[in-house]
Amino acid sequence: AFIWGFGGILCFGQSAFFGLGAYAYAIGVINIGESTVPILLSVLVPAGFAILLGYFIFYGRLSDIYLAVVTLAVTLILYAFIRSTSGEEYVIGSARLMGFNGISSIPVFNWPGFPNSPLWPDDIFYVAMTLLILVYFGFRVLLRSRFGRVVVAIKENETRAEYLGYDVRFYKMITFSIGAGVAGLAGCLFVSFNNFINPDVFALGLAAQIIMWVLIGGVGTLVGPMLGSLALQMLYNWLGTQSFVSFLNTYLVFGAIILFFVLAVPQGLQPTARLLALRFLPFTRSPEEAEEADRARQGAGDD
């Protein structure tokens with residue numbers, strides 16, 4: 001939502017950063033025996049990797065199409081590499097990567113400084129919800145800051161922003177890195193809740209789902225992709241319980257529904273809901289929007 005909708009960076013590698021964060025946490029917590037530092041590693045490792053990758057992409061002045069291709073290629077490379085690490089030589093400290101079998105029995109979060117006090121699943125849910133809220137409001141504050149305004153300006157007109165003296169490549173690289181860090185944090189939460197991780201987190205399925213979440217929810221919004229991810233996951237789970245889908249491929253039905261939705265509601269869930277609310281529920285309008293609507297009605301009456 002942030003790097004694409006506001007930064008204009010279409011990245012097919014968010015699943016790569018998600019997986020890097022997940023594996024960083026798993027390897028760290030197995031070796032350290034306590035979750036505080038591994039949680040930090042799950043953010044720093046993908047963010048650092050994104051800075052390294054972003055340096056070559058943005059300072060190499062690759063176009064948006066090549067950026068999407070490069071990030072997709074990185075995802076496939078990581079997927080193929082992790083799947084091939086089932087041998088005993090693929091060990092980092094006390095943690096074996098286990099290849100396509102994945103790493104199991106991963107310790108969950110514990111209270112900071114108390115490794116013998118793990119969190120229960122309900123506690124991890126509340127931690128995830130709290131982090132979601134903090135990340136959301138953090139992005140809201142960031143977008144209202146000077147850095148955020150420059151990022152949006154670069155998306156709107158990169159050439160003009162460069163003429164104004166801004167280092168466009170640096171801003172895009174940092175934006176790219178922030179998105180990677182958040183994806184890594186999500187991977188960390190995923191591992192702690194499931195106690196398991198395997199190379200499927202790098203697969204194309206998740207990479208495509210992330211793009212769909214943003215498209216369905218609404219590009220250029222923060223709430224929209226959250227709604228999109230929830231709606232699509234609920235739809236996928238519902239399809240898995242329906243008998244009529246057994247005669248077809250679940251993914252085929254799921255893809256057809258998504259395709260229809262994208263064509264029917266191209267702006268996404270959140271922007272469409274907002275437009276409907278402004279039209280049929282006038283009390284939801286802000287003072288500026290109400291004034292603009294009055295001017296539009298007055299102009300129509302004059303005509």
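Atoms considered below: every heavy atom in the structure, side chains included; atoms not considered: hydrogens, waters and symmetry mates.
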Check residues 110-118 and write down every donor-acceptor pair under 3.5 Å in which the side-chain atom is one partner and the other belongs to a residue at least two apart or another chain.
| residue | atom | partner | partner atom | Å |
| --- | --- | --- | --- | --- |
| N110 | OD1 | S35 | N | 2.8 |
| N110 | OD1 | S35 | OG | 3.1 |
| N110 | ND2 | E34 | OE2 | 3.1 |
| N110 | ND2 | F114 | O | 3.4 |

Review point. Quick check: are there more than 12 heavy atoms from other residues, nucleotides or ligands sitting under 6.0 Å from CD1 of I65?
Key: no
**Study point:** Partner set under side chain to side chain contact (heavy atoms under 4.5 Å, CB included) for A68, not counting sequence neighbours
**Key:** F12
**Study point:** Single-linkage hydrophobic cluster, 4.5 Å side-chain cutoff, F190 and L40 together
**Key:** no
**Study point:** Contact summary for T71 and T75, nearest pair of heavy atoms
**Key:** O-OG1, 2.9 Å
Point to revise | Check: L235 and W238 side chains under 4.5 Å, non-hydrogen atoms | key: yes
Review point. Do V168 and Y66 sit in the same hydrophobic cluster, where Ile, Leu, Val, Met, Phe, Trp and Tyr count as joined when their side-chain heavy atoms come under 4.5 Å apart?
Key: yes
Review point. If Ile, Leu, Val, Met, Phe, Trp and Tyr residues are connected whenever their side-chain heavy atoms lie under 4.5 Å apart, and connections chain through other members, are F49 and V70 in the same group?
Key: yes
Check your understanding: Roughly how far apart are D122 CG and F125 CZ, rounded to 0.5 Å?
Key -> 8.5 Å
**Study point:** Spacing of OG belonging to S15 relative to CG belonging to L72, to within rounding of 0.5 Å
**Key:** 8.5 Å
Exercise for review: For the pair N195 (side chain) and S105 (backbone), establish whether a donor and an acceptor sit closer than 3.5 Å, ignoring hydrogens and angles.
Suggested key: no
Study note, to complete from the structure: Separation between CG (L10) and CD1 (I211), nearest 0.5 Å, reads 5.0 Å
Practice item. Using modelled atom types only, decide if a donor and an acceptor are shared between the side chain of S94 and the backbone of N31 within a distance under 3.5 Å. Key: no
Under 3.5 Å, side-chain donor or acceptor atoms of residues 129-155 against the rest of the protein: list the pairs with distances, not counting sequence neighbours.
| residue | atom | partner | partner atom | Å |
| --- | --- | --- | --- | --- |
| T130 | OG1 | Y126 | O | 2.8 |
| Y136 | OH | R140 | NH1 | 2.6 |
| S145 | OG | L142 | O | 2.5 |
| S145 | OG | G148 | N | 3.4 |
| R146 | NH1 | Y171 | OH | 3.2 |
| R149 | NH1 | R144 | O | 2.7 |
| K155 | NZ | G5 | O | 2.7 |

**Study point:** Atom of R61, atom of E162 and distance for their closest heavy-atom approach
**Key:** NH2-OE2, 3.1 Å
Check your understanding: Heavy atoms, side chains only, cut-off 4.5 Å: are M173 and F176 in contact?
Key -> no
**Study point:** For I103 against R96, the heavy-atom pair lying closest together
**Key:** CG1-O, 3.5 Å
Exercise for review: With rounding to the nearest 0.5 Å, note down the distance linking CG in L53 to SG in C11.
Suggested key: 8.0 Å
Practice item. Please identify each residue that fulfils salt bridge (charged side-chain N to carboxylate O under 4.0 Å, His left out) with D167, with sequence neighbours left out. Key: R169
Which atom pairs, donor and acceptor, lie under 3.5 Å between side-chain atoms of residues 18-28 and protein residues at least two apart or in another chain?
| residue | atom | partner | partner atom | Å |
| --- | --- | --- | --- | --- |
| Y25 | OH | P107 | O | 3.0 |
| Y25 | OH | V108 | O | 3.4 |

Review point. Tell me, do Y59 and F170 make a side-chain contact under 4.5 Å, heavy atoms counted?
Key: yes
Revision key, fill the gap. Closest non-hydrogen contact found for S177 with A50 is CA-CB, 3.8 Å
Check your understanding: Are I216 and L204 in one and the same hydrophobic cluster, where Ile, Leu, Val, Met, Phe, Trp and Tyr link if side-chain heavy atoms are under 4.5 Å apart?
Key -> yes
Practice item. Using modelled atom types only, decide if a donor and an acceptor are shared between the side chain of T85 and the backbone of I82 within a distance under 3.5 Å. Key: yes
Revision key, fill the gap. For Y79, the ring pair (Phe, Tyr, Trp, His ring centres under 6.0 Å) test, sequence neighbours excluded, returns none
**Study point:** Hydrophobic cluster membership, V69 vs I9, 4.5 Å side-chain cutoff
**Key:** no
Check your understanding: Side chain of N198, backbone of D200: donor and acceptor closer than 3.5 Å?
Key -> yes
Exercise for review: Report the distance from atom CG of L215 to atom CD1 of I210, rounding to the nearest 0.5 Å.
Suggested key: 12.5 Å
Check your understanding: Got V127 and F109 here, is their nearest side-chain heavy-atom distance under 4.5 Å?
Key -> yes
